Protein chains: 2
Amino acid sequence: MPVSAHAEPEARYRIPLSRDRVLRAAVRLADEHGVEALTMRRLAEDLGAEAMSLYHHVANKGDVLDGILDLVATEIHETVEALDTPAAGAAWKQAVRRRILTAREVLLRHPWAPALFQTRSAAGPAVIRYYDGLLGLMRQGGFSYDLGHHALHALGSRALGFAQELFDPAAGGGSGAEVPPEMAEQLPHLTGMIAEIAHDDPDSTLGWCDDQAEFEFGLDLILDGLDRLRGSR
Amino acid sequence: MPVSAHAEPEARYRIPLSRDRVLRAAVRLADEHGVEALTMRRLAEDLGAEAMSLYHHVANKGDVLDGILDLVATEIHETVEALDTPAAGAAWKQAVRRRILTAREVLLRHPWAPALFQTRSAAGPAVIRYYDGLLGLMRQGGFSYDLGHHALHALGSRALGFAQELFDPAAGGGSGAEVPPEMAEQLPHLTGMIAEIAHDDPDSTLGWCDDQAEFEFGLDLILDGLDRLRGSR
DNA sequence: ACCTGAACACCGTTCAAGT
DNA sequence: ACCTGAACACCGTTCAAGT
């Protein structure tokens with residue numbers, strides 16, 4: 001191996017670009033400043049290069065977006081794969097539940113990822129490997145391929161650790177009790193619900209939905225339903 | 001009422017702009033050419049005006065996007081409201097199921113809407129009214145407010161008639177049996193599943209997932225789970 | 001081979017000016 | 001009041017040119 005002593009300091013500020021380096025910088029940029037800050041120009045700047053240089057390592061911006069999603073999915077898959085030795089029989093439910101809640105933890109570190117998963121239609125290889133692992137756990141739990149197939153569809157994005165939140169309480173502003181009277185007439189049931197929950201727990205005003213608890217409720221509902229179908233079909 | 005005969009032909013090619021006219025044109029544009037064709041310039045062109053004129057009727061592009069989502073949600077809410085006289089007791093499940101499948105039918109006419117619903121965080125008034133109606137059906141079915149609340153979260157976007165499809169079989173290309181051998185080793189369970197389904201139904205190659213059936217499977221799983229919890233909490 | 005500057009065809013939006 | 005043209009500050013991407 002030839003030694004070139006003077007190359008050392010130069011190499012420090014001029015690490016060659018590569019697809020991997022570009023994608024990792026893109027993930028970091030999205031994590032720190034949001035996905036809307038992820039432009040080819042800004043990404044190049046962070047890498048100490050010009051925007052046009054990126055095109056030697058990625059096809060276009062869509063390729064970058066698919067690439068960073070695959071990076072996140074890889075992180076999920078590897079974290080989850082290190083988690084447990086799969087268990088047979090009824091333990092399938094606990095194993096699947098744990099994987100999905102772990103996937104959710106990974107996604108909380110990349111809050112831009114769920115919205116992007118929904119925008120980019122094609123599932124990358126890492127997502128597919130992750131789903132293959134889930135299906136494997138179900139098979140060990142006694143699932144037919146047919147039921148396992150339905151199960152993956154039923155779980156949908158929840159399997160990856162997210163589900164769309166339609167109500168964003170933080171966006172609402174004031175406390176739950178401050179429903180305008182003319183709106184309350186049009187929304188008798190939601191108004192009643194908010195009033196009752198405010199009564200039971202006076203401290204629960206703004207942002208009173210516990211995202212984690214709601215995610216687990218929906219997940220358990222599906223898993224319990226699947227467990228009941230497990231033998232019968 | 002004064003009559004001005006000569007105003008008629010002029011009014012024909014210069015209908016004044018309005019927020020409603022702008023939003024309806026935006027929905028039509030998205031329906032016909034996709035949401036990516038929905039630019040302020042293109043939208044103005046379709047209305048026979050300049051892009052800058054739109055800003056007298058909408059605040060900005062985000063306002064347009066929120067506006068067209070509310071228009072779709074209104075269409076869902078009105079279609080569903082005309083559907084049934086709500087039924088008490090165990091019939092809640094059938095009533096909710098029918099509303100959600102109807103919402104899905106509406107969304108199939110606006111295929112751009114689901115992805116946009118997931119991007120725009122705040123739920124508009126029409127979405128909230130729709131959810132209030134669902135909660136009302138559940139209340140009549142004997143739900144506590146607490147269980148109804150969990151139920152809305154568990155249903156999530158499925159209540160509006162969509163759920164993210166993570167596998168897009170149409171994007172894959174060839175038939176299900178054409179899995180590359182080195183990939184098959186990494187995906188033993190998905191490969192086995194595809195092989196078995198191809199064996200049971202040789203015609204099911206490309207796009208063999210029945211979206212409607214899978215949507216209903218997941219929906220019923222959740223509704224059956226809720227029905228089981230209905231009395232016990 | 002890898003990288004770059006200038007340029008192109010778009011965006012959403014501001015502003016001053018028209019009627 | 002409503003509408004408009006020109007302009008600004010951005011995009012992603014192409015292309016010919018550098019090393």
Side-chain angles (χ1 to χ4, degrees), chain A residues 2 4 6-7 9-27 29-30 32-69 112 115-116 119-122, chain B residues 2 4 6-7 9-27 29-30 32-69 112 115-116 119-122:
Chain A
S4 48
H6 73 282
E10 278 208 334
R12 207 196 149 274
Y13 72 85
R14 179 61 75 120
I15 308 163
L17 291 177
S18 69
R19 177 179 174 84
D20 194 62
R21 227 163 80 76
V22 169
L23 293 181
R24 286 182 195 284
V27 169
L29 182 53
E32 289 175 10
H33 298 97
V35 77
E36 75 281 356
L38 176 53
T39 69
M40 298 300 273
R41 284 168 158 92
R42 173 72 189 271
L43 180 55
E45 193 185 343
D46 284 9
L47 286 162
E50 299 300 312
M52 300 27 178
S53 306
L54 304 179
Y55 287 87
H56 289 276
H57 304 96
V58 295
N60 48 40
K61 184 166 183 184
D63 190 24
V64 173
L65 297 179
D66 291 339
I68 60 177
L69 282 181
W112 46 269
L116 200 55
T119 305
R120 314 293 303 176
S121 54
Chain B
S4 51
H6 74 281
E10 280 209 334
R12 207 194 149 273
Y13 70 84
R14 176 65 71 126
I15 308 164
L17 291 178
S18 70
R19 178 179 173 84
D20 194 64
R21 226 163 81 77
V22 170
L23 293 181
R24 286 184 194 284
V27 169
L29 181 53
E32 289 174 10
H33 298 97
V35 77
E36 75 282 357
L38 176 53
T39 69
M40 297 300 274
R41 285 166 158 92
R42 173 72 189 271
L43 179 54
E45 192 186 345
D46 285 9
L47 286 161
E50 299 300 313
M52 298 35 183
S53 306
L54 303 179
Y55 287 86
H56 289 275
H57 303 97
V58 294
N60 47 42
K61 186 168 182 184
D63 190 25
V64 173
L65 297 179
D66 290 338
I68 60 177
L69 283 181
W112 46 270
L116 201 54
T119 305
R120 313 295 302 176
S121 54

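Naming: A, B, ... by sequence-line order, numbering from 1 per chain. Not measured: the values here are computed from a predicted model.
Separating the CG atom of Leu47(A) from the P atom of dC2(C) is a distance of 16 Å, rounded to the nearest angstrom. Straight-line distance from the CZ atom of Arg41(A) to the P atom of dA9(D): 14 Å, rounded to whole Å. Rounded to a whole Å, the CZ atom of Arg42(B) is 12 Å from the P atom of dG12(C). The separation between Glu50(B) atom CD and dC15(C) atom C1' is 16 Å, rounded to whole Å. Rounding to whole angstrom units, CD of residue Glu36(A) and P of dA9(D) are separated by 21 Å. Taking atom CG of residue Leu17(B) and atom C1' of nucleotide dC3(D), one finds them 9 Å apart after rounding to whole Å. Rounded to an integer number of Å, the gap from OH of Tyr55(B) to C1' of dA1(D) is 20 Å. Taking atom NZ of Lys61(B) as the reference point, atom P of dG12(C) lies 4 Å away to the nearest angstrom.
Ser53(B) comes within 4.0 angstrom of a nucleotide base, judged by non-hydrogen atoms across all strands. Residue contacts shown for Met52(A) include a base, since a base heavy atom lies under 4.0 Å away.
Of the two residues contacting DNA chain C, namely Gly62(B) and Ser18(A), the nearest-nucleotide position lying further toward the 5' end is that of Ser18(A).
For dA7(C), the paired nucleotide is dT13(D), the pair qualifying as Watson-Crick or G-U wobble because both relevant distances are below 3.5 Å.
Across dG12(C), dC2(C), dC3(D), the shortest atom-to-atom separation from the side chain of His56(A) is found for dC2(C).
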